[in-house]
Amino acid sequence: MKPVSYYDLNYLPNSTIKEKFERNINWMLSLTPDQLLYNYRKNAGMDTKGATPLTVWESPDWFFRGHFTGHYLSGASKSYVLLTNADPENAQAAELKDRINQIIDGLKEVQDKFNTTAEYPGFLAAEPEKRFDNLEHLRFNGNHYVPYYAIQKLMDGLMDAYEYAGNQTALQLVKNLTSYIEKRMAKLTPERIQAMLDTRWYQGSGHYIFHQEFGAMQRTLLRLYELTDKKNQDIFNLAEKFDRKWFRDMLINNDDKLGYYSMHSNTELVCAEGMLEYYHVSGDEAYKKGVENYMNWMHTGHELPTKGISGRSAYPAPADYGSELYDYPQMFFKHLSKLNGESCCSHDLNYLSSELFADTKDPVLMDDYEIRFANAIMAQQNNDSAIAEYLYNLSVAPNSIKHFDRGGFWCCVGSGTERHATLVDGIYYQDNDDIYVAQYFDSILNLKDRGIKITQDAHYPDQHNAHIVVESDKKQSFTIYVRVPKWSNETQILVDGQAVNATPENGFVALTREWGKRSEIKIEFDFTLRYQTMADRFNRIAIYYGPLLLAAQVKDLPAATVSAKDYLQQLEKVEGKNQFRLKGTGIIFKSLPEIPGETPYNVFVKVPEEPIAKTLDSQNNASDHQWTLAVEPDKKNYLKITYDRLDGDIYSFQIEDDQKVLFTQTMSSDEWPEDSYYIYPLPLDVTKGRNKLNIKIEPLDYESLNFDIANINKIETLASVK
């Protein structure tokens, strides 16, 4: 099975995603080719044509400039296809293609100039070659010099310009740059390459000083290998150099140490993309299984209520800088600061979900895709300016806001510009003659070679149904598979007015028949209020209405005095909207896309503690920081530690079981938890077949600093009541 081609897709006129698509095109057209070439020309010592340079991460003195030009080429190239699908003479499409050609002509001039000055022919970057020298010599001074990250975005953009806008020069530029990279890497030992690509901030003990982000180089090089008909083995061999054994083995062996290593969310996410592409090229099933494991880790242990990821690290600075990182599985409460849910991660998670779904048909991937799209991605774009939001605020504290920087070119502005060109991704898939409708967002699928057209126009999820029109220029027998979301308990499906069995198999209902000139599929979904309890704080809930995450548009949301179930009964539907009013107040719960920028909101509601788990064992402090505690071998278990109030110091320590590190805890008085405790959800494999845990707490040895253990008042084990 495979996702349908961009050449077969159209946006539905007057739909929300069409409006966002058009807003994104206007944003791209507000920038000039000379602006996008500025840093490349300056880096080559060339005339910058009087252009005004871009800002923030694209400013001329920033240390990983150049990434946005690649995102722009990708967004413009895919937008060109989608615009010409609807109208081959579209003026904006012609303008975008002209800009793509201007940018690539300019990049060719830059590469030609570098051919006379660079160490090897083919160099093309907005940063000097010394950035690559620093990387190869493992020089790290606290700034994230990430030259491969920036050129990987450019390489993808150039390949998109070749594949979708037909620019032949773009492919040659990528080949030349790949040859340059190959020559640089050829002089390095395998050990030095692995050290260059090691993204683990923490690996057990002691001082660890080097950290690098290198984008999706493995995936990008494998794509080039395929685009060139798999004729150049050197490209494949180069891609393999970006395949890190320790990371690959972690995924294949299903050993989630992302939080243990304080890893950067989007760096590892795009490395999983590389593993899946390796499976596509090589057929190695172990790589696919590793990616399946990774996505299961996201689903069960790392996704926020938006189904986005990233937040705080479990470690002290510099391994923790407040955002973009992994923590241990199911550890959310202490890391839900204002810096979480990086938008790049949401875009890349949906891309990976789509690719992996085509390989596995796992409906969980599409259920998560839907929630992530409806809440994170649809809320990212500023409807006033099209600038994309960097990080979401899912704070447990009041006064969360969405903040749009109208002048910045952050990573998420780049990925947002690229991915808002392709909001019709992830909806349709083809499996030989059969068609999967995996999402219900307004769109048009036009399979011209088969004479089949499918239109969705129900304005879902604003409306609570899907309306799918199937048109065929002749009678054809095939199956249309329609997804039944897990959250929809009572789903009704009608084909041409006749009810069909809506009981899904593997998440989908198969509609097999001879399709005629025009048929209608109507699906009524069961939109109801439901809540999700935070995995490591039983008095915090997130509320959903169907796939929509609701947030209270208010600065200070009062704590509930009734149970979570009863709290939902206090929410009154606002007529004609997917909004709810808290009875007796003016507080309105809305979806995140509906909440304007700079407006306070609360995603989490504080409620009386939910009956998630019961206490099994409770012990007081021990001077040697060792305890033997009861657990239940066949249930989910939790460790709960209540701490004494801290002084002004920073404390960091590791919680172990028989020498295996279970959790790392960093604490300070500035971020003191309410009620003075943390709950640590124990992995099932830790307690399986055991009645006791031997807990020991050790001070963290990190960055040559001697951290202390916080004073412990009480330590408890709890077991799930289910």
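Source: prediction; values computed, not measured. Residue numbers count from 1 along this sequence. Because only heavy atoms are used, hydrogens play no part in the values below, and waters and symmetry mates are left out as well, while side chains stay in.
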Would you check if [X] and [Y] make a side-chain contact, meaning some heavy-atom pair closer than 4.5 Å?
{"X": "Y164", "Y": "Y7", "value": "yes"}
{"X": "S354", "Y": "Y429", "value": "yes"}
{"X": "T220", "Y": "Q218", "value": "no"}
{"X": "Y601", "Y": "V603", "value": "yes"}
{"X": "H420", "Y": "W27", "value": "no"}
{"X": "T178", "Y": "M155", "value": "yes"}
{"X": "I377", "Y": "H347", "value": "yes"}
{"X": "L447", "Y": "D449", "value": "yes"}

is_close_aromatic([X], [Y]), centroid dist under 6.0 Å:
{"X": "W62", "Y": "F409", "answer": "no"}
{"X": "Y148", "Y": "F132", "answer": "yes"}
{"X": "F114", "Y": "Y180", "answer": "no"}
{"X": "W57", "Y": "F64", "answer": "yes"}

Q. Which pair of heavy atoms, one from F68 and one from G414, lies closest together, and at what distance?
A.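 Shortest heavy-atom separation between F68 and G414 comes out as CD1-CA, 3.7 Å.
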
Q. Which pair of heavy atoms, one from P3 and one from A358, lies closest together, and at what distance?
A.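 So the two residues come closest at CD-CB, 3.8 Å.
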
Are any side-chain N or O atoms of [X] and backbone N or O atoms of [Y], one a donor and one an acceptor, separated by less than 3.5 Å?
{"X": "N43", "Y": "N39", "value": "no"}
{"X": "Q456", "Y": "I427", "value": "no"}
{"X": "N340", "Y": "S310", "value": "no"}

Spacing of [atom1] belonging to [X] relative to [atom2] belonging to [Y], to within rounding of 0.5 Å:
{"X": "F373", "Y": "Q439", "atom1": "CZ", "atom2": "CD", "answer": "8.5 Å"}
{"X": "H302", "Y": "M295", "atom1": "NE2", "atom2": "CE", "answer": "12.0 Å"}
{"X": "L82", "Y": "K18", "atom1": "CG", "atom2": "NZ", "answer": "10.5 Å"}
{"X": "C344", "Y": "L269", "atom1": "SG", "atom2": "CG", "answer": "10.0 Å"}

Between [Y] and [X], does any NZ, NE, NH1 or NH2 come within less than 4.0 Å of an OD or OE carboxylate oxygen?
{"X": "K113", "Y": "E109", "value": "no"}
{"X": "E370", "Y": "K307", "value": "no"}
{"X": "E163", "Y": "R223", "value": "yes"}
{"X": "K577", "Y": "D462", "value": "no"}
{"X": "R419", "Y": "D425", "value": "no"}
{"X": "R219", "Y": "E273", "value": "yes"}

Can you find a side-chain donor-acceptor pair between [X] and [Y] that sits under 3.5 Å?
{"X": "D156", "Y": "H71", "answer": "no"}
{"X": "E594", "Y": "S591", "answer": "yes"}
{"X": "N176", "Y": "Q111", "answer": "yes"}
{"X": "E324", "Y": "Y390", "answer": "yes"}
{"X": "D160", "Y": "S74", "answer": "yes"}
{"X": "K590", "Y": "Q553", "answer": "yes"}
{"X": "T32", "Y": "D34", "answer": "no"}
{"X": "N10", "Y": "N446", "answer": "no"}
{"X": "E342", "Y": "S323", "answer": "no"}
{"X": "Y162", "Y": "T169", "answer": "no"}

Q) So H464 and F525, ring-ring contact (aromatic ring centres under 6.0 Å, His included) or not? Walk me through it. A) CA-CA 6 Å; H464 301 168; F525 300 107; 9.3 Å; no

Q) Hey, what's the ring geometry for F242 with F214, parallel, tilted or perpendicular (30° and 60° as the breaks)? A)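 Tilted.
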
Q) Using 30° and 60° as the class limits, which term best fits the ring planes of H67 and Y149: parallel, tilted or perpendicular? A)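 Plane angle between 30° and 60°, so tilted.
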
